[in-house]
Amino acid sequence: MKMSKLFVQTLRDFPQDAEAISHKLLVRAGYIKKLANGIYSYLPLMKRVISKVEQIAREELNKAGAQELSMPFVQPAELWQKSGRWQVYGKELLRMKDRHDVELCLGPTHEEVITSIVDGILTSYKQLPVNLYQFQLKFRDEIRPRFGLLRGREFIMKDGYSFHTSQESLDIEYKNMWGAYKRIFDRCNLETKVVQSDSGAIGGKVSHEFMVLTETQTGEDDVFYCKHCDYAANSNHATSKLKDEITTTRFTKEEIVDTPNIRTIKELAQFLKVEENNILKSVLYIVDSKPVMVMIRGDKEVEETKLLNALCGLEIRKATEDEAKEITGSEVGFLSCIGLEDKVKVLFDKSAKNMKNFVIGINQPHKHMVGKNFTKEHDFLDLSLVKEGELCPHCSNPLYVTRGIEVGNIFQLGTKYSEPMNATYTDENGQNKPFIMGCYGIGITRTASAAIEKHHDENGIIWPLAIAPYHCVVVPVNMQESEQKDMAEKIYNSLLSKGVEVVIDDREDRAGVKFKDADLIGFPYRITVGKTAKDGLVEFKTRMTGETVLLSPNEAIKKITEEVDKLKG
RNA sequence: CGGGAUGUAGCGCAGCUUGGUAGCGCACCUCGCUUGGGACGAGGGGGUCGCAGGUUCAAAUCCUGUCAUCCCGACCA
């Protein structure tokens with residue numbers, strides 16, 4: 001490709017409306033252009049990167065025995081009504097009607113479609129297991145799209161689905177996909193950490209996420225991990241042991257005390273000269289329009305996803321102060337489960353289990369009770385957010401927290417879709433059984449963005465060779481010097497003939513412009529044909545290391561060809 | 001949906017307080033000059049100032065509404 005013909009416009013300045021470095025660089029280097037909030041055009045350079053990531057995934061998945069297909073982007077509401085998700089999915093599902101008033105939606109995921117396809121084709125246990133995948137546009141009407149391609153409303157996803165006759169068979173495929181995913185991200189030069197996670201709207205029991213760890217805000221998930229064993233989990237799923245599991249106070253007798261205008265746990269602890277972990281905190285939520293009170297140790301926070309799952313709920317929010325008054329008759333700061341257990345659903349977090357002689361509200365303004373103990377059995381559930389420094393549930397060493405970008409995930413769905421959709425096969429005994437399913441996703445456009453988040457410097461993108469739009473750029477420093485121009489063209493043509501993806505910067509611009517653009521766009525290798533051309537030498541620069549060496553044209557060609565051949569394995 | 005901010009040329013911005021013929025830098029076009037890290041000179045093209053009302057002799061500027069975008073919280077690949 002000639003640079004003079006390449007459809008790209010690089011910008012002098014970073015775009016004002018971008019925050020994430022990958023977003024800034026993709027816009028500035030001319031990879032993407034925004035059409036609407038969270039919706040981007042993929043320009044030729046971006047399209048090439050996407051194709052590279054897809055091809056790596058395709059190769060590894062095919063090797064792992066999966067088969068590629070392609071399903072429709074627009075889906076009938078009928079399917080979603082069958083699975084029950086038409087009501088459940090909420091506003092993220094973009095719905096519409098066609099000219100006949102038939103309800104449709106844009107596919108945010110494809111469990112329903114694949115299940116209906118497979119149900120029509122696979123009828124016997126002899127045909128299972130099977131694993132099918134596609135690369136597809138997805139549309140999710142996100143509450144808050146941001147960070148460019150990291151969280152767009154429209155994005156490209158690799159989604160795969162497997163069908164089985166038994167849990168054992170699913171387990172095997174789950175591990176198979178786990179391995180394939182590791183290899184895919186390795187080949188993209190992305191180090192990932194596999195973490196346990198909540199399965200969210202997709203559903204199912206077992207699920208793992210592949211996280212690219214980052215220090216910045218662009219990693220939108222908190223990941224807790226142990227340095228001594230392989231425990232790692234998303235904050236919405238992480239669990240821990242407390243360092244101070246048993247807590248008690250000097251108050252050995254139940255007593256009501258005045259706590260005037262003391263509304264926060266911190267104030268209360270100071271006022272009564274106890275620790276925050278001596279206070280049993282009451283937090284009031286509204287889950288699917290019904291009040292729910294969570295009793296949790298004062299130094300801990302409620303993890304709302306866990307609470308929602310415990311109740312099999314759909315929608316959760318904290319109660320407002322007015323609602324709290326109405327429900328408890330008291331004021332925020334003095335809430336309690338005492339006397340409320342018949343009226344309101346009360347749940348206990350496991351952090352409260354070993355509290356003795358604790359402090360608790362009594363639903364009376366400006367009063368608390370001290371020296372309280374549990375008088376009857378409660379179920380203590382895991383409803384709390386883990387904090388850094390708490391102990392690993394496996395090996396009791398301290399847990400650490402970091403940020404992560406979720407680039408892929410795998411789920412065991414079980415019969416969550418096949419049962420309501422009545423998708424069955426016939427087993428050895430002639431019985432109809434619902435398919436046992438797994439599902440496996442990779443955010444292709446997100447993976448490309450994550451690669452930039454991890455690989456860039458102040459000059460621009462530093463693509464790993466495997467997913468760079470081109471392997472190499474050839475820069476004739478001065479197009480007026482025929483010696484340089486001719487040598488550059490020879491090298492360019494030679495690389496082309498060897499299957500190297502190469503751009504020649506044939507523009508009349510000065511060298512500085514070409515160098516800046518080469519760095520910004522992120523070509524992994526640059527061959528500069530300049531002053532040393534008359535001595536039969538060119539400059540060979542590796543973007544990743546900044547290393548520059550003088551080589552003969554043939555040596556430079558050989559070096560790149562070798563690197564490219566390594567990719568092909 | 002709640003909190004904060006912004007909409008003026010492809011990109012980055014000034015002008016708005018105190019209404020009076022729409023400007024700067026980059027990019028783009030022409031000519032000259034230059035050619036190893038975003039040169040220089042001269043000339044040129046491009047904007048219904050987000051949109052709709054209102055106030056006024058006169059609105060980018062003041063008022064009202066509306067739409068869009070971005071940032072901080074609840075979603076997820």
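Letters go in sequence order (proteins before strands), and every chain restarts at 1. FYI, side chains are in, hydrogens and waters are out, and symmetry mates aren't considered; it's all heavy atoms of this structure.
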Distance between [atom1] atoms of [N] and [M] (Å, rounded):
| N | M | atom1 | value |
| --- | --- | --- | --- |
| B:rC11 | B:rG7 | P | 14 Å |
| B:rG20 | B:rG25 | C1' | 27 Å |
| B:rA60 | B:rU18 | C1' | 15 Å |

Give [X] one of three labels, base, sugar-phosphate or nothing, depending on what nucleic acid heavy atoms sit under 4.0 Å from its own.
| X | result |
| --- | --- |
| A:K91 | nothing |
| A:K34 | sugar-phosphate |
| A:E142 | base |
| A:R507 | nothing |

When the distance from [atom1] of [X] to [atom2] of [N] is rounded to whole Å, what number comes out?
| X | N | atom1 | atom2 | value |
| --- | --- | --- | --- | --- |
| A:D17 | B:rG12 | CG | P | 7 Å |
| A:K531 | B:rG37 | NZ | C1' | 11 Å |
| A:E154 | B:rA77 | CD | P | 17 Å |
| A:E483 | B:rG36 | CD | P | 15 Å |
| A:Q16 | B:rA14 | CD | P | 9 Å |
| A:R151 | B:rA74 | CZ | C1' | 11 Å |
| A:D141 | B:rC1 | CG | C1' | 13 Å |
| A:F14 | B:rC70 | CZ | C1' | 17 Å |

Check residues 547-556 of chain A and write down every donor-acceptor pair under 3.5 Å in which the side-chain atom is one partner and the other belongs to a residue at least two apart or another chain.
from   : atom 1 : to     : atom 2 : distance (Å)
A:T548 : OG1    : A:G546 : O      : 3.4
A:S552 : OG     : A:E555 : N      : 3.2
A:S552 : OG     : A:E555 : OE1    : 3.3
A:E555 : OE1    : A:S552 : N      : 2.9

Whether each nucleotide of nucleotides 23-34 of chain B has a protein heavy atom under 4.0 Å at its base (B), only at its sugar-phosphate (S) or at neither (-) is summarised, 5' to 3', as --BSS------B

So what's [N] paired with, Watson-Crick or G-U wobble, going by both distances under 3.5 Å?
| N | value |
| --- | --- |
| B:rG38 | none |
| B:rA74 | none |
| B:rU6 | B:rA68 |

A:E323 meets the salt bridge (charged side-chain N to carboxylate O under 4.0 Å, His left out) criterion, sequence neighbours left out, with A:R317

Check your understanding: Sequence neighbours excluded, which residues qualify as salt bridge (charged side-chain N to carboxylate O under 4.0 Å, His left out) partners of A:D221?
Key ->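 By the salt bridge (charged side-chain N to carboxylate O under 4.0 Å, His left out) rule, A:D221 matches no residue at all.
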
Could you list the residues that satisfy ring-ring contact (aromatic ring centres under 6.0 Å, His included) with A:Y174, not counting sequence neighbours?
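ring-ring contact (aromatic ring centres under 6.0 Å, His included) list for A:Y174, sorted by chain: A:H208.
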
Applying ring-ring contact (aromatic ring centres under 6.0 Å, His included), can you list everything that pairs with A:F185, at least two apart in sequence or on another chain?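 For A:F185, the residues satisfying ring-ring contact (aromatic ring centres under 6.0 Å, His included) (neighbours in sequence not counted) are A:F210.
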
Can you sort out which residues in residues 37-70 of chain A have a heavy atom within less than 4.0 Å of RNA chain B? Ascending by number, please.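 A:N37, in order of number.
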
For residues 32-75 of chain A, the ring pair (Phe, Tyr, Trp, His ring centres under 6.0 Å) pairs (sequence neighbours left out) are A:H23-A:Y40

request  = Check whether the aromatic ring of A:F515 stacks on the base of B:rG38, taking stacking as ring centres less than 5.5 Å apart and planes within 30° of each other.
outcome  = no

Identify each donor-acceptor pair in which a side-chain atom of residues 437-445 of chain A lies under 3.5 Å from a protein atom, sequence neighbours left out, and give them as a table.
from   : atom 1 : to     : atom 2 : distance (Å)
A:Y440 : OH     : A:S162 : OG     : 2.7
A:T445 : OG1    : A:I156 : N      : 3.3

SB check A:E111 A:R85 (cutoff 4.0 Å):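 Yes, charged N to carboxylate O under 4.0 Å.
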
